[in-house]
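These notes concern the structure reproduced below.
Labels below follow one simple rule: chain letters A, B, ... track the order of the sequence lines, proteins then strands, and each chain is numbered from 1.
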2 protein chains.
Amino acid sequence: MRADKARNREAVLAAVARLLEEADDPDEVSMDAVAAAAGVGKGTIFRGFGDRRGLIRTLYDDRVAQSLAPTPPTAESPSDAAVELLTRVWTFKEQHRGLTLALEREGQGSPYQSAGYDRLHADLVSLITRGRGPENAGFLAHALLAAVRSDLVEHLRRQPDGDPLAGLRDLVRQVFS
Amino acid sequence: MRADKARNREAVLAAVARLLEEADDPDEVSMDAVAAAAGVGKGTIFRGFGDRRGLIRTLYDDRVAQSLAPTPPTAESPSDAAVELLTRVWTFKEQHRGLTLALEREGQGSPYQSAGYDRLHADLVSLITRGRGPENAGFLAHALLAAVRSDLVEHLRRQPDGDPLAGLRDLVRQVFS
DNA sequence: ACCATAGCGGACTATCGGTCCGCTTAGGAA
DNA sequence: TTCCTAAGCGGACCGATAGTCCGCTATGGT
């Protein structure tokens with residue numbers, strides 16, 4: 001890869017990350033604004049990332065690799081493992097609110113076709129099956145993941161209502177009981 | 001109100017309802033398409049409903065008044081009342097998938113500032129408080145409502161995974177237990 | 001029958017995501 | 001160091017969309 005290409009790639013990712021976190025709403029961040037902030041032409045972005053979804057997914061994968069990759073499997077009960085998994089997702093979305101809001105709004109507005117979702121869902125189904133049996137495991141996994149959707153995280157950040165992580169633990173333990 | 005205004009209002013509401021249910025994705029339904037289908041000019045729509053959100057909210061309120069208004073309160077336990085409430089919401093969103101998908105995608109993508117949401121949340125908080133106490137009631141109510149979000153309803157309609165209403169009953173009973 | 005005006009509607013604007021192609025420059029070869 | 005080729009750049013451009021505006025129409029009270 002040519003040096004200027006790599007340099008521009010990093011500049012674009014840094015620019016979009018900053019703009020997403022600064023904006024109230026991800027839709028306010030236009031591709032033109034990203035190009036201007038990165039100091040590159042708009043064509044460079046679309047050539048390097050395909051389209052808006054590709055740019056956001058690339059940044060997301062990047063941040064996931066940084067924050068979520070080191071998973072020391074502290075062996076526990078399925079219930080505790082689910083609590084830990086969902087807590088990790090929640091805090092990740094708190095730390096990357098703009099990015100995760102944008103990600104869940106792409107894919108024609110539904111987060112259910114992102115590659116990461118299927119993986120999380122499958123893991124949760126496995127934990128639920130081991131913890132309480134297979135009845136309704138698919139739906140319950142969806143429901144638990146719905147409780148950590150980024151716009152709910154954002155909503156509770158703006159108008160707090162108790163301790164969400166405590167509520168999340170409570171929810172998971174009830175489901176597994 | 002002049003007769004032509006009332007006539008156009010009904011034509012627009014009928015057109016947008018039809019187009020939303022026919023479309024795979026609510027974003028495919030443009031305001032131009034609604035105007036053409038209703039046989040009116042685009043200005044007529046924006047004068048009568050303000051903007052896209054206003055049009056969708058008006059249609060939603062209309063349908064809610066038709067389908068959800070007659071609430072015969074079959075007095076039961078808080079848990080059963082919550083099951084009934086959420087089941088009613090689920091089936092409403094199944095019956096009006098295009099409309100509810102569109103509604104939850106307006107409001108800058110978050111359903112949490114719709115007037116109807118606060119009402120449902122308050123009702124659920126009350127039921128949860130009576131059924132299991134006030135701890136985490138706010139969060140748990142949000143989580144239960146997240147389990148009936150329209151894009152999850154739609155996702156499970158497209159790729160079924162067990163009986164969602166059975167799963168929903170299961171979830172609510174666990175939360176209340 | 002008349003006419004003031006509520007209401008109409010489509011041309012217009014602003015802005016967006018995405019495309020395209022002539023120009024620039026990186027970086028291996030000689 | 002020089003040269004040359006193609007990888008890469010970037011901004012003018014396009015099509016679509018939500019929303020605006022204003023000259024015209026037709027409603028319904030007088």
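- Residue Val40(B) is the one, among Asp51(A) and Val40(B), whose nearest nucleotide of DNA chain C lies closer to the 5' end (criterion: closest heavy atom).
- Separating the CG atom in Leu140(A) from the CG atom in Leu145(A) is a distance of 11.0 Å, to the nearest 0.5 Å.
- Between the CZ atom of Arg7(A) and the P atom of dA7(D) there is a distance of 18 Å, given to the nearest Å.
- Contact annotation: Asn8(B) side-chain N/O to dG7(C) OP1/OP2 distance is not under 4.0 Å.
- If you measure from atom CD1 of Ile45(A) to atom C1' of dT19(C), you get 14 Å, rounded to the nearest angstrom.
- To the nearest angstrom, P of dC8(C) lies 15 Å from CZ of Phe46(B).
- Taking 3.5 Å as the limit, the base of dA6(C) and the side chain of Arg2(B) contain a donor-acceptor pair of atoms between them.
- Phe92(A) and His96(A) have tilted rings, their planes meeting at an angle from 30° to 60° on a 0 to 90° scale.
- Under 4.0 angstrom from either OP1 or OP2 of dC8(C) there lies at least one side-chain N or O belonging to Arg47(B).
- dG17(C) atom C1' lies 12 Å from atom CG of Asp27(A), rounded to whole Å.
- In this entry the distance linking CZ of Arg9(A) with C1' of dC9(D) reads 17 Å, nearest Å.
- In this entry the distance linking CZ of Phe49(A) with P of dT19(C) reads 15 Å, nearest Å.
- Each of Leu101(B) and Tyr60(B) belongs to its own hydrophobic cluster when Ile, Leu, Val, Met, Phe, Trp and Tyr are linked at side-chain heavy-atom distances under 4.5 angstrom.
- When rounded to the nearest whole Å, the span between CZ of Arg105(A) and P of dG17(C) equals 13 Å.
- With salt bridges taken as basic N to acidic carboxylate O contacts below 4.0 Å, none links Asp151(A) and Arg105(A).
- In this structure, CZ of Arg53(B) is placed 21 Å from P of dT17(D), rounded to the nearest angstrom.
- Using a 4.0 Å heavy-atom distance criterion, Lys42(B) is classed as a base contact.
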- request: Decide yes or no on salt bridge (Lys or Arg N to Asp or Glu O under 4.0 Å) for Asp4(B) and Arg2(B), but give the supporting numbers first.
  value: CA-CA 6 Å; Asp4(B) 51 352; Arg2(B) 260 167 62 165; 2.9 Å; yes

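- A distance-only check finds a donor-acceptor pair linking the side chain of Ser67(A) to the backbone of Arg63(A) [under 3.5 Å].
- For the contact set between residues 28-37 of chain A and DNA chain C, defined by any heavy atom under 4.0 Å, the members are Ser30(A), Met31(A).
- The backbone N or O of Ser150(A) lies less than 3.5 Å from a partner atom in the side chain of Glu104(A), making a donor-acceptor pair.
- Between Thr44(B) and Asp4(B), the residue whose closest nucleotide on DNA chain D is further toward the 5' end is Thr44(B).
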